[in-house]
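Each chain gets a letter, A, B and so on, in the order its sequence line appears, and its residues count up from 1. Note: hydrogens, waters and symmetry copies are ignored here, and every other heavy atom, side chains too, is used.
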Amino acid sequence: MKSKLSTVLESTINHCFEYGFLKKTPMPDYVIEIPNNPEHGHFATNLPLTLASGQKRNPLEIASVLVEHLIDNENLLEKAEAAAPGFINFKISPNEWYRVLSSIVRLKEDYGRNITGDNQKVLVEFVSANPTGPLHLGHGRGAALGDTLCRILSFCGYDVAREFYVNDAGLQVRILGESILSRFKQINDSTYPFPENGYHGDYVSDLAKKISEDIELNHMQDEEAIELCAQKGEEIMLEEIRKDLDEFRVSFDFWYCESDLFNSGLLDKTLKKLEEKKQLYENEGALWIRTSDFGDDKDRVIRKKDGQFTYFASDISYHLEKQKKGFTRAIDIWGADHHGYIPRMKAALSAHGFSGDWLSVILIQLVKLWKGGQEIKMSKRAGDFVTLQELVDEVGVDAARFVFLTKSNDSPLDFDIDLVKKQDSDNPVYYVQYAHARICSIFRKAALDGISLPDRPEGLLERLILDEEMALIRTMAGFPSLLADISRALEPHRLTYYLTDLAATFHRYFNSGTKTPAHRIVTNDVAQSQARLFLVQAVRFVISNGLGLLGISAPEKM
RNA sequence: GCGCCUGUAGCUCAGCUGGAUAGAGCAGCGGACUUCUAAUCCGCAGGUCGCAAGUUCGAGUCUUGCCAGGCGCGCCA
């Protein structure tokens, strides 16, 4: 609708230029928006205000000129008026709204699809948890955000691939191996030492038990046993992670192992390239990269004195691989504690000629857990954390995802487990789902009364004249551009607010029927009922499409 | 000390590229089910948008400086 309006405005402007009603000036940046105040119409534009300085005229006067010469070939508008200090307010004609409504029903589950992404190949990397322990709440937030973002990006015409980067090459996995072996030894010898930085969670003991069932750890050199424990432990953890994510309705196209970068020689190739670009130098026995040449505040170590490569080394290599696979854009979702890492990553990429916006990093602020009015500090090392699995068991996937997705990624999330548990009927997700279930219920009722949807809505829709009905259509009309905005701003949380708003508009409509029987959807006026069923069906499509993008179910009964 | 993020109603948070009278949920108070699901709806109350300057037709939104909180500033990952 906005794009149709901007077409109207632009042809109007050109017309005014051509006939000298306005001076020819460059087209300014202007906005078309939905005003807060309904008295200002369905849409409003600040175009006259933005033209004023170039035209050297009073903006209100410009507004009047534009309104007077408005070119509306498609009869989009019922009314357009100039308003102080220099807005134009538009009222869309009912017929145009009915056209929108028809198109929603025609498109069904495809309503909202758009081509904003222009088929651009984008790789979204998220979760990427170390395979040294179960997923916790923070990972859940990242998983919900990343997954929903991918769903929305695909819907908006991006060619999306999802990737989980497995950090299986570093020290962490070895420490996991040491922890497992220690727990195993402790079964018979409680004095056996536990590694200083070891993982304390109960799951480590479980891993020890499971691994020792298949492998005779006792008859092995410690070194060999640790390696086996690390390898087996990682395998099992990865499988658990995969299972948890699957249950959380999150899937990946690629699982990329850090170790592959070493084994395939890609890391060496990357180093060679950096060498050619004179980006590397040795100092005090370590190998450094000149990231400070590209905006980082200092140079970084790539190979330590002891000959081990840093995480950063493989990460550079990894990101170069993304581009080689043909992705013209990468989105990484990281915990906010990694924010200091962005400048060096971008610097390393710049050294390879990447443009600054090739990589977008979405930082997720931390999830704090509250229980019994107290904050619970989470630490994987100390084994003190609530797992994603536990959360899902408590509140269900739908509620968990919704809560994660109602906050902007920039906002820290206080997850009060008591509250969300208690919220089982209070949680906003049920509010949206209930609207969907209610609509399904209406259709069941209509079927009982022998009223079905019209084959052709023509001639019926003019019966939709209530404010509540028009409000529904208007809200639904904004769905595609909302999704396009989300895909550009990478802010999926806006969808939850939109759906809550749409559900509220529907509930209000529904309830107006309890007070005023003539407003009920199913009445004994068959044509009226059909028109309303048509409307309400569209609402059902939009809600179920929206919930689908959030990875949340749309129940037919509650 | 430097960097990133946050500060909006009692609480948890929205506020779309600056737009006209700042919103929702929860909590509080008062109402609405003989009729399509009351997991709903309606009403009331609740705000110096952290503070102070600046930019302009116009600032919760942009700039600067303070104040407060979170997170980073490793040859850890």
Side-chain angles (χ1 to χ4, degrees), chain A residues 29 31 33-37 39-40 44-46 49 52-53 58-60 83-87 89 130 132 167 169-172 175 197 258 283-288 297-298 300-306 308-312 315 335-343 363 365-366 368 406-414 416 419 423-428 430-431 433-435 437-446 448-449 478 481-482 485-486 488-489 491 493-494 496-498 500-501 503-504 506-515 517 520-523 529 532-533 536 557-558:
Chain A
D29 279 337
V31 291
E33 57 173 10
I34 298 169
N36 293 323
N37 187 340
E39 281 172 25
H40 296 145
T45 180
N46 63 350
L49 284 163
S53 67
N58 180 324
L60 190 56
F87 294 101
N89 297 334
N130 284 349
T132 52
N167 293 123
L171 195 61
Q172 301 309 314
I175 294 176
N197 295 324
E258 185 185 7
N283 188 24
E284 292 181 8
L287 188 63
W288 296 69
D297 42 347
K298 54 183 167 186
R300 304 291 169 175
V301 170
I302 255 193
R303 193 182 56 220
K304 296 181 269 181
K305 216 188 296 183
D306 65 5
Q308 292 281 319
F309 286 99
T310 60
Y311 178 89
F312 186 40
D315 225 12
D337 50 341
H338 288 72
H339 70 82
Y341 205 74
I342 298 175
L363 293 175
Q365 294 295 323
L366 297 187
K368 273 193 223 158
T406 35
K407 316 284 187 236
S408 141
N409 59 287
D410 279 335
S411 173
L413 174 58
D414 284 335
D416 187 328
L419 203 71
Q423 263 184 349
D424 63 344
S425 69
D426 223 2
N427 191 303
Y430 296 99
Y431 184 82
Q433 290 181 317
Y434 184 50
R438 255 186 166 173
I439 293 170
C440 294
S441 164
I442 291 167
F443 274 92
R444 288 191 289 271
K445 158 80 175 161
L448 285 179
D449 290 2
S481 63
L482 171 83
D485 285 349
I486 289 174
R488 278 186 289 260
E491 289 175 344
H493 71 278
R494 282 162 55 181
T496 60
Y497 286 89
Y498 171 83
T500 305
D501 182 45
F506 168 75
H507 286 311
R508 210 170 298 135
Y509 177 43
F510 182 92
N511 269 83
S512 79
T514 60
K515 242 203 224 144
R520 290 164 59 92
I521 290 151
V522 180
T523 65
S529 303
R532 288 179 176 165
L533 284 173
V536 145
K557 253 184 189 167
M558 284 174 77

Look at the side chain of [X] and decide which nucleotide, out of [options], has an atom nearest to it.
X      : options                : result
A/K407 : B/rA20, B/rC76, B/rA14 : B/rA14
A/D337 : B/rG72, B/rC16, B/rU21 : B/rG72
A/Y497 : B/rC13, B/rC41, B/rC75 : B/rC13
A/K305 : B/rC16, B/rG72, B/rC75 : B/rC75
A/E33  : B/rU21, B/rG19, B/rC71 : B/rG19
A/R508 : B/rA77, B/rC42, B/rU21 : B/rC42
A/K298 : B/rC36, B/rG74, B/rG19 : B/rG74
A/H493 : B/rU21, B/rA14, B/rA77 : B/rA14
A/V522 : B/rC16, B/rC36, B/rA77 : B/rC36

Mind checking what makes side-chain hydrogen bond (donor to acceptor under 3.5 Å, both in side chains) contact with A/T45, not counting sequence neighbours?
none

Can you tell me the distance, in whole Å, between the [atom1] atom of [X] and the [atom2] atom of [N]?
X      : N      : atom1 : atom2 : result
A/K368 : B/rC71 : NZ    : C1'   : 10 Å
A/Y430 : B/rC26 : OH    : C1'   : 16 Å
A/H507 : B/rA39 : NE2   : C1'   : 8 Å
A/L413 : B/rC71 : CG    : C1'   : 15 Å
A/F510 : B/rC42 : CZ    : C1'   : 15 Å
A/L60  : B/rG58 : CG    : C1'   : 15 Å

Heavy-atom pair with the smallest gap, counting every atom of [X] and [Y]:
X      : Y      : value
A/H493 : A/T406 : CB-C, 4.2 Å
A/K304 : A/F309 : CE-O, 4.2 Å
A/N511 : A/T514 : O-OG1, 2.6 Å
A/V522 : A/A446 : CG2-CB, 3.9 Å

A/R438 or A/A489: which one's nearest nucleotide on RNA chain B is closer to the 5' end?
A/A489

Going by modelled atom types, is there a donor-acceptor pair between the base of [N] and the side chain of [X] at under 3.5 Å?
X      : N      : answer
A/D501 : B/rA14 : no
A/N511 : B/rU40 : yes
A/D414 : B/rU12 : no
A/N46  : B/rG19 : yes

Heavy atoms only, 4.0 Å cut-off, all strands: where does [X] land among base, sugar-phosphate and nothing?
X      : result
A/S408 : sugar-phosphate
A/A437 : base
A/N36  : sugar-phosphate
A/Q308 : nothing
A/N283 : base
A/A52  : nothing
A/N89  : base
A/F443 : nothing
A/A446 : nothing

Going by ring pair (Phe, Tyr, Trp, His ring centres under 6.0 Å), name the residues that satisfy it together with A/Y509, two or more places apart in sequence or in a different chain.
none

Ring pair (Phe, Tyr, Trp, His ring centres under 6.0 Å) filter on A/H507, not counting sequence neighbours, yields A/Y431, A/Y434

Under 30°, 30 to 60°, or over 60°: which ring-plane class applies to A/F506 and A/F510, parallel, tilted or perpendicular?
tilted

Would you measure the distance from the C1' atom in B/rC67 across to the matching atom in B/rG15 and give it in whole Å?
24 Å

B/rC42 phosphate, OP1 or OP2: any side-chain N/O from A/Y509 under 4.0 angstrom?
no

Give every pair of a protein N or O atom and an N or O atom of nucleotides 1-11 of chain B that lie under 3.5 Å apart, one pair per line with the distance.
residue : atom : partner : partner atom : Å
B/rG3   : N2   : A/H339  : NE2          : 2.2
B/rC5   : O2'  : A/Q365  : NE2          : 3.3
B/rC5   : O2'  : A/D410  : O            : 2.9

According to the Watson-Crick and G-U wobble definition with distances under 3.5 Å, which dot-bracket string, read 5' to 3', encodes RNA chain B, using [ ] for crossing pairs and | for pairs with another strand?
(((((((..((((.....[...)))).(((((.......))))).....(((((..]....))))))))))))....

Would you mind calling B/rC41 syn or anti? Take O4'-C1'-N9-C4 for purines or O4'-C1'-N1-C2 for pyrimidines, and syn is within 90° of 0.
anti

Check the geometry between A/F87 and B/rA20 and answer yes if their rings are stacked (centres below 5.5 Å, planes below 30°), otherwise no.
yes

Any protein N or O atoms within reach of nucleotides 33-35 of chain B? Criterion: under 3.5 Å, listing atom names and distances.
residue : atom : partner : partner atom : Å
B/rU35  : O2'  : A/R520  : NH2          : 3.3
B/rU35  : O4   : A/T514  : O            : 3.3

